[in-house]
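Since the model is a prediction, treat every value here as computed from it, not as a measurement. Values reported hereafter were calculated over all heavy atoms of this structure, with side chains retained and with hydrogens, waters and symmetry mates removed. All ligand and atom numbering here is 1-based and tracks the order in the structure.
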Amino acid sequence: MAYAPAELLAKTAPEARLREERSLRNMLLKYEAILENASIGIGFTRDQRFEHVNPRFEEMLGWPRGTLAGQPGYVVWRSRQEYAEIGAYVGPLLARGQCVDFEHEILRRDGGSFLARIRAKSVDPTHPTKGGTIWIVEDITEHRRSVEALRRAHDELEIRVRERTEALAEANARLRDEIAERETAERRIRHLAHHDVLTGLPNRRLLHKRLEQALGDARDSGGHAAVIFIDLDRFKTINDSLGHAVGDALLKAVAVRLTEVLRPGDTVSRMGGDEFVLVLGSAAGPDDATAVSDRLLECLSRPYEITGYSLRVTPSIGISVFPRDGEDAETLLSRADAAMYHAKAEGRHCFRFFTEQVHRASTQRLQLENELHGAVARGELLLHYQPRFDLIHRTFVAAEALIRWQHPTRGMISPAEFIPLAEETGLIHPIGRWVLEEACRQQRAWRERGFCPGSIAVNLSAQQFRSADLAGSVGSILGDAGIEPEAIELEITESTLMHDSGQTLATLQALASLGIRISIDDFGTGYSSLAYLKRFPVHLLKIDRSFVRDIPANTDDATIVRAITGLAGSLGLRVVAEGVENEAQVRFLQGIGCDEGQGFLFAPPMPADELERRFAHCGATRTPRAR
Ligand code: C2E
Ligand code: MG
Ligand code: MG
């Protein structure tokens with residue numbers, strides 16, 4: 001570095017000069033020390049050459065100590081062109097006296113380079129080239145590297161955070177989906193637990209809750225609440241004859257109509273089968289219940305168009321009212337149920353309130369049900385026999401076994417009263433078995449005494465007909481009694497036959513292959529056509545009493561009976577007219593070629609010994625003798 005102390009000294013007085021000289025030397029030594037020990041590179045150029053550089057400068061650029069001074073400026077740049085470009089950028093700024101800061105690659109002597117932060121400043125801005133330039137150079141490779149590393153680490157961190165955030169967001173979304181799914185499933189389960197699957201109406205459980213609520217409200221307000229029990233008349237017949245799919249569709253349609261009758265605050269529920277219950281809240285009393293029941297009778301009885309059928313069902317309705325008929329849900333429900341039974345007993349398609357009379361009847365019914373359980377074991381059941389007559393020859397050809405219950409206190413109870421009860425409770429199975437065994441035993445006993453009443457017809461309920469391996473158990477009962485299959489006929493009703501399943505045909509075929517003849521009872525009350533019967537191995541048709549009652553006067557009935565007889569004859573079936581009570585009927589039936597008649601005109605049902613006494617002399621001849 002070049003200063004001109006001599007010139008300065010010449011202008012000062014000797015003493016002061018000495019002082020100044022000392023102070024200058026000190027200053028020089030200080031600057032020298034600063035330069036020598038600076039940890040950054042400091043260089044001084046003039047006329048595009050290095051004039052002086054400190055040790056750090058040379059060390060950074062890889063020049064041995066003292067070798068850079070005198071070298072041209074471009075030696076520290078990677079090319080002359082770069083040197084020129086830097087000069088073009090820095091020169092004008094320096095000329096304006098500005099301090100120039102920039103970063104650039106600096107060339108080391110060994111050909112390598114490093115990144116440097118450079119600060120350049122003219123020593124004398126008025127003569128930038130003449131006065132020379134100071135270059136302060138700092139190796140920022142490490143610094144840059146660590147900044148880079150920091151940036152990379154930061155970027156990586158950012159990426160990680162982003163990835164993690166995305167993963168979390170995904171997990172969060174999955175969790176939300178799962179929660180939503182679970183909530184939907186729980187809602188479904190809750191709905192299923194409280195609703196009927198077929199109709200979607202509240203089920204028994206939810207009904208109980210709503211009823212409790214309605215009762216709570218009524219208690220608080222001192223008002224009423226009403227329970228309306230609805231049962232569809234003869235729904236079972238439709239279900240049995242047209243199949244469950246039609247039955248289900250009908251129940252759904254009924255449910256829709258029920259909800260139409262509903263008022264705000266009411267609940268309608270399906271209790272199972274064809275039973276529905278309405279709870280009228282909002283302090284509904286007997287008058288409201290009457291109004292709603294009237295609407296129900298009207299609205300539920302309109303025809304239903306279902307898969308090509310126009311179906312009619314009517315409701316029987318029972319009503320109980322809080323607090324008059326009961327204080328709690330159970331009592332009110334069972335009393336509305338009892339009132340509904342009463343409505344059925346009074347001819348169906350009507351509504352009845354719970355009354356003391358209903359109470360007595362339902363208690364009796366319950367008692368009857370209990371007593372029926374032990375009736376077989378106690379030997380209270382017996383069979384009466386009603387003969388069938390050939391209409392041309394007026395001869396006794398067969399007999400129908402009809403069950404009776406000899407009740408210890410109530411006397412003789414008709415099957416119309418206890419067979420439906422037996423069917424409801426499942427008791428029909430042991431009872432039906434007993435009937436067949438007893439009829440076979442009686443047939444055998446008669447044969448042994450030489451009395452041949454022709455075949456004995458035994459009624460089978462729909463449930464019995466559908467029990468597993470009917471033919472097997474019938475066969476073994478016949479075998480045990482030691483009589484031929486031809487000695488027994490089985491009567492099934494038209495609606496039982498029409499239950500559209502492969503099982504019906506299979507059961508009939510199995511019975512036919514045993515040699516047992518099948519009769520269709522109560523024919524005409526169902527929906528079957530005669531052509532439909534062709535599919536089944538049946539032998540005999542019994543025209544229902546309701547068609548026979550008013551012939552020949554009622555021309556509609558006369559036409560029906562004539563048509564059934566004609567068509568049955570053409571299908572090779574024998575025809576029996578049920579409920580023959582007068583000679584006019586007989587003459588008409590003879591005229592149209594009906595084969596047989598059964599009815600009070602010929603003989604009512606009677607005990608076995610009476611039948612034997614009255615008809616032993618004219619015993620049927622068509623029946624084979626006992627084995
Ligand atoms: P069903 O099989 O149609 O039997 C004929 C019914 O008509 C009998 O009634 C009989 O007494 C009645 N009857 C016969 N002739 C006349 C007549 O001229 N005029 C009138 N008004 N009625 C007549 P019952 O004995 O009361 O039986 C009623 C129904 O109970 C039977 O109708 C049958 O469906 C059922 N039943 C009877 N015994 C049994 C049985 O052992 N098992 C099953 N599952 N059902 C039975
Ligand atoms: Mg019968
Ligand atoms: Mg009948």
Side-chain angles (χ1 to χ4, degrees), residues 234 236-237 240 372 375-376 380-389 391 396 398-406 411-443 455-467 470 474 477 488-497 517-526 538-551 574-586 589 596-608 610-611:
R234 299 200 178 87
K236 213 173 154 319
T237 310
D240 285 352
L372 188 57
V376 179
E380 290 167 9
L381 300 181
L382 62 143
L383 293 184
H384 278 186
Y385 296 87
Q386 185 177 31
R388 276 188 353 226
F389 274 71
L391 285 176
F396 164 49
E400 179 175 9
L402 294 159
I403 194 168
R404 304 287 180 263
W405 179 7
Q406 181 63 60
M412 198 72 91
I413 301 178
S414 135
E417 199 173 333
F418 70 87
I419 289 290
L421 203 61
E423 283 174 337
E424 264 173 47
T425 52
L427 279 171
I428 192 66
H429 293 288
I431 291 176
R433 188 180 173 87
W434 175 84
V435 171
L436 190 58
E437 285 170 347
E438 175 59 18
C440 290
R441 191 202 59 74
Q442 187 61 62
Q443 182 71 301
S455 55
I456 295 183
V458 171
N459 292 283
L460 282 191
S461 81
Q463 276 186 48
Q464 266 178 288
F465 183 73
R466 267 177 239 121
S467 61
L470 174 69
V474 169
I477 291 171
I488 294 291
E489 281 174 29
L490 294 179
E491 291 190 7
I492 56 170
T493 60
E494 187 187 3
S495 61
T496 306
L497 178 77
R517 282 171 299 168
I518 310 286
S519 309
I520 305 304
D521 205 355
D522 305 343
F523 189 81
T525 54
V538 296
H539 303 86
L540 192 144
L541 277 195
K542 298 183 79 175
I543 302 177
D544 191 66
R545 199 167 71 225
S546 58
F547 297 102
V548 177
R549 192 178 53 221
D550 300 326
I551 54 170
R574 274 184 84 75
V575 183
V576 180
E578 289 186 315
V580 179
E581 295 182 348
N582 58 55
E583 286 297 339
Q585 290 168 326
V586 174
L589 292 165
E596 297 177 23
Q598 178 180 345
F600 295 164
L601 176 72
F602 303 111
M606 61 190 79
E610 190 182 333
L611 187 88

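- Residue I403 holds the heavy atom nearest to atom 39 (C) of ligand 1 of all those in V435, N582, I403.
- Environment of CZ in R441: crowded, with over 12 heavy atoms of neighbouring residues, nucleotides or ligands closer than 6.0 Å.
- Neither the backbone nor the side chain of T493 comes within contact range of ligand 1; no heavy atom lies under 4.0 Å.
- Heavy-atom separations between R404 and ligand 1 include at least one value shorter than 4.0 Å.
- Proximity to Q386 (heavy-atom distance under 4.0 Å) selects the following atoms of ligand 1: 10 (C), 14 (C), 15 (N).
- Atom OD2 is the N, O or S atom of D521 at the shortest distance from the Mg ion (ligand 2).
- Residue contacts with ligand 1: F600 is placed with a nitrogen or oxygen under 3.5 Å of a nitrogen or oxygen of the ligand (distance criterion only).
- Within the structure, the closest approach of G432 to ligand 1 does not fall below 4.0 Å when heavy atoms are considered.
- E491 contributes atom OE1 as its closest N/O/S atom to the Mg ion (ligand 2).
- Proximity to G599 (heavy-atom distance under 4.0 Å) selects the following atoms of ligand 1: 15 (N), 18 (O).
- When I413, D521, L402 are ranked by how near their heavy atoms come to atom 37 (C) of ligand 1, first place goes to L402.
- Contact annotation for S461 and ligand 1: heavy atoms of both the backbone and the side chain come within less than 4.0 Å of the ligand.
- Checked by atom type and distance alone, the side chain of E438 never pairs as donor or acceptor with a backbone atom of V435 at under 3.5 Å.
- Under a 4.0 Å criterion applied to the non-hydrogen atoms of P605, ligand 1 contributes the atoms 11 (O).
- Under a 4.0 angstrom heavy-atom cut-off, E400 registers as being in contact with ligand 1.
- Taking a cut-off of under 4.0 Å to the non-hydrogen atoms of V580, the atoms of ligand 1 that pass are 18 (O).
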Checklist line | Test log, rule side chain to side chain contact (heavy atoms under 4.5 Å, CB included), inputs L372 and W405 | finding: CA-CA 9 Å; L372 188 57; W405 179 7; 3.8 Å; yes

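- Numbered from 1 in the order shown, with element, the atoms of ligand 1 that lie under 4.0 Å from a heavy atom of G579 read 16 (C), 17 (C), 18 (O).
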Notebook entry, point to check: Can W434 and I403 be said to form a side chain to side chain contact (heavy atoms under 4.5 Å, CB included), step by step?
Noted result: CA-CA 10 Å; W434 175 84; I403 194 168; 4.3 Å; yes

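- Q463 places a side-chain N or O within donor-acceptor distance of the main-chain N or O of E423, the cut-off being under 3.5 Å.
- Less than 4.0 angstrom separates some heavy atom of R545 from each of these atoms of ligand 1: 6 (C), 7 (O), 12 (C), 13 (N), 19 (N), 20 (C), 21 (N), 22 (N), 23 (C).
- Taking CG of L611 as the reference point, atom CZ of F396 lies at 4.5 Å (rounded to 0.5 Å).
- Nearest-residue assignment for atom 21 (N) of ligand 1 (options E581, H384, E438, Q598; heavy-atom criterion): E581.
- Taking every heavy atom of D522 and a limit of under 4.0 angstrom, the matching atoms of ligand 1 come to 3 (O).
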Note to self: I'd like to know whether E489 forms a salt bridge (Lys or Arg N to Asp or Glu O under 4.0 Å) with R574, so could you lay out the CA-CA distance, the side-chain angles of the two residues, the decisive distance to 0.1 Å, and finally the verdict.
What the structure shows: CA-CA 13 Å; E489 281 174 29; R574 274 184 84 75; over 6 Å; no

Item checked: Derivation of the side chain to side chain contact (heavy atoms under 4.5 Å, CB included) call for Q585 and L601 -> CA-CA 10 Å; Q585 290 168 326; L601 176 72; over 6 Å; no

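- The CG atom of D522 sits 8.5 Å away from atom CD of E494, with the distance rounded to the nearest 0.5 Å.
- Within E400, the N, O or S atom at minimum distance from the Mg ion (ligand 2) carries the name OE2.
- Without hydrogens or angle criteria, E578 side chain to Q598 main chain gives no donor-acceptor distance under 3.5 Å.
- The residues K542 and E400 are annotated as salt-bridged, a charged nitrogen and a carboxylate oxygen being separated by less than 4.0 angstrom.
- No donor-acceptor pair closer than 3.5 Å links the side chain of E417 to the backbone N or O of S414.
- In summary, N459 places an N/O/S atom under 2.8 Å from the Mg ion (ligand 2), meeting the contact criterion.
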